[in-house]
Amino acid sequence: MMPRINVPCLSGMLSQRLQGLLKATAPIWTPVLITLTLLICTILLVTHTLATIHSYQGYWSESRSPLAAEGLGYAIVIDAGSSGSRAHIYVWPPHTGNRKDLLNIQPLRDHSGQPRVHMITPGLSSLRLTPERAGDYVRPLLDYAATHIPAEKHRETSLYIMATAGMRLLSKDTQTAIIENLHRAIGRRYQFLLAENNIQVISGREEGIYQWIAINFALGRFRHGHDGPTVTVETVSDQPIRRLETVGALDMGGASMQIGFEITSAEQLKALEGKVHRASMATINLGCADHDREHTYRVYVTTFLGYGANEAYRRHSEAVRARYTNTTRRLYDPCLVRDFTEPPPVVRNTTACAAAASTAATSSSQSAPATNSSAASGHSGPAGSNCTIPVVGTGDWGLCEQMVRRQIVEERITRLCEVAPPEGCTRTLVPPPVNLTNVEFYGFSEFWYSMEDTLRSGGQYSYSRFSQTAKDYCATSWPTLLRRRGEGLYGTSDDERLARQCFKSVYLTAALHTGLGLPRSYGGLTSTASVVRGRVSTWTLGALLFKLRFLPVRSVEAATFSSFPAGPYGIWGSQYLLLACVLVVLGVLLLYALRLRRLRRGRPRARLLSEHEPMLLGVSVS
Ligand SMILES: Nc1nc2c(ncn2[C@@H]2O[C@H](COP(=O)(O)OP(=O)(O)OP(=O)(O)O)[C@@H](O)[C@H]2O)c(=O)[nH]1
């Protein structure tokens, strides 16, 4: 008779059969499972280790890091500006290990707590005719740095020389000649790390970005948390982010001026549509990972080459001299302090000058009153065909303001391209196409020197207060100013600062209100020295933070390398992985123990069951 199979019972029969099978084979599969789990974990960990070794090696070979594996890291950044070069020395402790933190880079300080900075004048661009003298030029700066950085650290101390507007105004060939000579001379004499692109003429945009980073770092605006003014940022990801509000940076040097501020709203972003403005946008990621939105900032940053205070003065001065006619005996400049006589003007060889020179030569009574510097220069009178008509200050704030404002407005239309794009041509002093009145700005360099040095009006800016102080200053006669300086009123201000302070004060306000279009009632500007709330805020610090921004993640990897490798999700990703592996192994072990216990307890029942196995399997024979 054929056996009859009861179909509805099939699945139950099978599962019971499976259970029986599992029970029977439990002592075999549990150790196999454990071994497999351990094997997979080992493979994963080895893969991570290899990946980490790879990135670790890449790091050292790629940047020849200035980061000391333990102890302090050092770097030297030379700001080679148009008016002089300054060596800044920076130092930082090992990274905290938290990927969210930037390196805690600080200036090296002297015993009184002042940052160690050494300055030389004139600017690096003064080597344009003698580039072979680059080694002699930079030596005082590097000797200074070498003295203050421990000798055993020299080999791991990166040296950066970043030249700004003065060098930007030179031809590419001249720039290259100076840079090559610097490389050769430094390589011969010093041990500092000097990669090929560590000596650079940086763009105005870069300078602006670095200044923006530096001030926000100094003010703690890159911190996490909401212990300060916050803002909703709509411009870095699909979801708005709430974080600390950053401030804008205004930097007026001798030859150029930079502005940088964060674009936070979609509305501002829309206003910046169009090629020219898009070119002024920079996306800065200060995080450790490529797609780190929390640390990504969209910054509007632009530079106005030629709109530094000294270059602006040079053009203003030319405009004054352009009023020269055959009959001019002396020229008057409302922007120079009253009764100051400008040393003989720039050498110009025009027919009119030649005529004036010969006229002046025949009239000793008309020769220029010599000032200290003009006498020293040996050009206190007419010199052949050179135009040496004196320019006398009248210290008239109102007239000067009119002149300077007109200069800015007219230059928007007429200024020729002095330097190849993208730096020069289109960058006349125009307002950015977004409303700046709600932006808080910090002003550097001339914004500080011109407000504070002689006028003692640094800090919170107010047009009415500042212009009144400056108006009084302009109208003070030159001999009175000299006497006051003798009494210690103007600190270390030299003749040039005292004499041009009137122009610079006017220019500063015109740059803000006519150039950048800020209303005179605007009160959001704070001019500041290079130290803000005890923290340094020079652009060189921003440059270093930016250049070393990937060091934190690498140092985390490096620090944890010997104990446990970091994976693609960092050290925490790897730790989670390890934890998961351990939990799985523990779980399997527990299961195994429970099984063994139950097997031991249930052995007689198992035997009993096995006696009835055919029935339990649902096969009945009829
Ligand atoms: N009073 C005072 N004036 C300074 C000092 N350093 C520079 N200046 C003057 O301030 C102006 C701007 O100088 P910097 O900020 O050094 O600008 P720079 O780097 O030479 O100029 P760029 O190349 O355009 O960036 C120049 O006219 C300098 O003469 C300083 O320490 N004190």
Side-chain angles (χ1 to χ4, degrees), residues 77-88 114-115 117-128 141 161-170 175 178 200-211 214-215 249-260 301-317 373 418-419 423-424 427 429 442-458 485 489-505 507-508 511 527-531 536-543:
V77 187
I78 295 181
D79 162 9
S82 60
S83 54
S85 294
R86 285 186 182 85
H88 300 259
Q114 291 306 307
V117 180
H118 190 63
M119 182 177 181
I120 55 169
T121 54
L124 184 61
S125 52
S126 65
L127 299 179
R128 63 187 174 281
L141 298 175
I161 301 182
M162 300 189 204
T164 57
M167 285 282 283
R168 266 175 236 143
L169 289 166
L170 303 184
Q175 290 177 8
I178 294 174
Q200 273 184 318
V201 178
I202 61 167
S203 70
R205 255 164 64 85
E206 284 170 287
E207 197 180 345
I209 289 171
Y210 297 155
Q211 184 60 79
I215 179 62
L250 277 170
D251 184 7
M252 187 189 287
S256 71
M257 175 172 144
Q258 284 73 239
I259 180 171
V301 58
T302 196
T303 182
F304 305 103
L305 188 63
Y307 288 88
N310 296 338
E311 275 295 301
Y313 176 75
R314 187 186 58 73
R315 290 199 302 280
H316 161 80
S317 194
S373 43
E418 288 179 11
V419 175
E423 281 294 330
R427 294 285 185 261
L429 199 42
Y442 275 70
F444 298 90
S445 298
E446 278 294 359
F447 281 103
W448 173 250
Y449 303 136
S450 288
M451 287 192 197
E452 179 63 16
D453 260 13
T454 49
L455 303 186
R456 297 280 177 261
S457 303
R485 183 176 60 188
L489 209 63
Y490 300 133
T492 53
S493 300
D494 57 14
D495 275 11
E496 187 179 296
R497 167 64 58 186
L498 283 191
R500 295 186 185 176
Q501 178 63 55
C502 180
F503 170 83
K504 288 189 174 180
S505 311
Y507 179 65
L508 192 146
S527 70
T528 178
S530 55
V531 177
V536 152
S537 59
T538 46
W539 67 259
T540 48
L541 173 62

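Read the numbers this way: they start at 1 and go in the same order the structure lists the ligands and their atoms. Nothing here was measured: the structure is a model prediction, and the numbers come from that model.
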Can you sort out the partners of Phe503 under ring pair (Phe, Tyr, Trp, His ring centres under 6.0 Å), two or more places apart, ordered by chain and number? Tyr313, His316, Tyr507
Sub-4.5 Å side-chain heavy-atom contact between Phe444 and Ser537: yes
Identify, with sequence neighbours excluded, every residue that meets salt bridge (charged side-chain N to carboxylate O under 4.0 Å, His left out) alongside Arg497. Glu446, Asp453
When rounded to the nearest 0.5 Å, the distance separating CD of Glu207 from OG of Ser256 is 5.0 Å
Can you tell which of Thr540, Val201, Val77 makes a side-chain contact (heavy atoms from CB on, under 4.5 Å) with Met162? Val77
Could you go through residues 78-88 and list every donor-acceptor pair under 3.5 Å that involves a side-chain atom there, pairing it with any protein atom two or more places apart or in another chain?
from  : atom 1 : to     : atom 2 : distance (Å)
Asp79 : OD1    : Gly81  : N      : 3.4
Ser85 : OG     : Tyr137 : OH     : 2.7
Arg86 : NH2    : Tyr449 : OH     : 3.2

Near ligand 1 (heavy atom, under 4.0 angstrom), the protein residues are Gly81, Ser82, Ser83, Arg86, Thr164, Ala165, Gly166, Glu207, Gly253, Gly254, Ala255, Ser256, Asn310, Ser445, Glu446, Tyr449, Asp453, Arg497, Lys504
